Amino acid sequence: MAMENYASRNIDKIHTDVLSQSRQACYKARDAFFACLEKESGKKPTEIGSVGLQYPAECKNSRAEFEKNCRPAWVKHFDRLHCRNKTSQRLLEDKETRRGPLLLPQPYTFKPTSST
């Protein structure tokens, strides 16, 4: 019943933020923001986005543009995706030190006997 009421209320409303042009604007703003993050990656993050994403103050304008052009759910989704990709990338880059089985120092428990 609730869905019927919702559908009957918004039957003529066009959600312009999901149209192709709006999606393209969202994607451009997203790409600009994440490019800024990569460019300013050496600087200390001082601002906090959604889902714990931190970014430097130099990217504040591109973040505002990103949030303006995209739905909040999309912003949250793209932030999560970026954080997950960065974590995966960091783990893959660190694979040289984590390759193979874990080597623990083993105590010398037996002495070879000399065969005579």
Side-chain angles (χ1 to χ4, degrees):
M1 177 137 175
M3 284 301 288
E4 294 170 356
N5 289 338
Y6 179 78
S8 65
R9 260 188 311 173
N10 296 320
I11 198 162
D12 293 331
K13 183 176 179 184
I14 296 175
H15 295 278
T16 57
D17 56 349
V18 295
L19 296 177
S20 178
Q21 292 174 340
S22 298
R23 282 196 319 270
Q24 294 303 322
C26 173
Y27 297 154
K28 284 182 184 177
R30 174 201 62 190
D31 293 343
F33 172 66
F34 289 129
C36 179
L37 277 183
E38 292 299 318
K39 185 177 88 175
E40 305 292 342
S41 64
K43 297 190 178 173
K44 183 177 180 182
T46 56
E47 307 297 322
I48 299 175
S50 66
V51 299
L53 176 72
Q54 296 179 343
Y55 57 96
E58 289 79 11
C59 298
K60 208 172 196 177
N61 292 336
S62 59
R63 176 70 183 193
E65 192 70 23
F66 175 42
E67 290 176 347
K68 184 182 92 174
N69 285 322
C70 298
R71 285 182 158 193
W74 292 3
V75 171
K76 196 173 185 179
H77 168 74
F78 290 137
D79 285 351
R80 276 193 184 127
L81 193 63
H82 178 75
C83 290
R84 186 173 61 227
N85 289 343
K86 289 307 252 181
T87 302
S88 298
Q89 182 181 10
R90 187 171 53 245
L91 289 173
L92 289 173
E93 287 174 353
D94 197 25
K95 72 179 178 181
E96 295 301 320
T97 60
R98 297 176 187 233
R99 182 175 293 175
L102 182 63
L103 298 175
L104 297 174
Q106 298 293 322
Y108 192 71
T109 57
F110 67 93
K111 290 184 177 182
T113 58
S114 61
S115 57
T116 51

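This one's a predicted model, so the numbers in the text were calculated from it and none came from an experiment.
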Classify the ring geometry between Y27 and W74 as parallel (under 30°), tilted (30 to 60°) or perpendicular (over 60°). parallel
Going from CD on Q21 to CZ on R23, what distance comes out if it is rounded to the nearest 0.5 angstrom? 10.5 Å
In this structure, CZ of F33 is separated from CZ of F78 (nearest 0.5 Å) by 12.5 Å
Going by salt bridge (Lys or Arg N to Asp or Glu O under 4.0 Å), name the residues that satisfy it together with K86, two or more places apart in sequence or in a different chain. E38
N/O donor to acceptor pairs below 3.5 angstrom from side-chain atoms of residues 48-66, sequence neighbours left out:
{"residue": "S50", "atom": "OG", "partner": "D79", "partner atom": "OD2", "Å": "2.5"}
{"residue": "S62", "atom": "OG", "partner": "C59", "partner atom": "O", "Å": "3.0"}
{"residue": "R63", "atom": "NE", "partner": "E67", "partner atom": "OE2", "Å": "3.0"}
{"residue": "R63", "atom": "NH1", "partner": "D79", "partner atom": "OD1", "Å": "3.0"}
{"residue": "R63", "atom": "NH1", "partner": "D79", "partner atom": "OD2", "Å": "3.1"}
{"residue": "R63", "atom": "NH2", "partner": "E67", "partner atom": "OE2", "Å": "3.3"}
{"residue": "R63", "atom": "NH2", "partner": "D79", "partner atom": "OD2", "Å": "2.8"}
{"residue": "E65", "atom": "OE2", "partner": "N69", "partner atom": "ND2", "Å": "3.1"}

For a 4.5 angstrom cut-off between non-hydrogen side-chain atoms, does T87 reach R90? yes
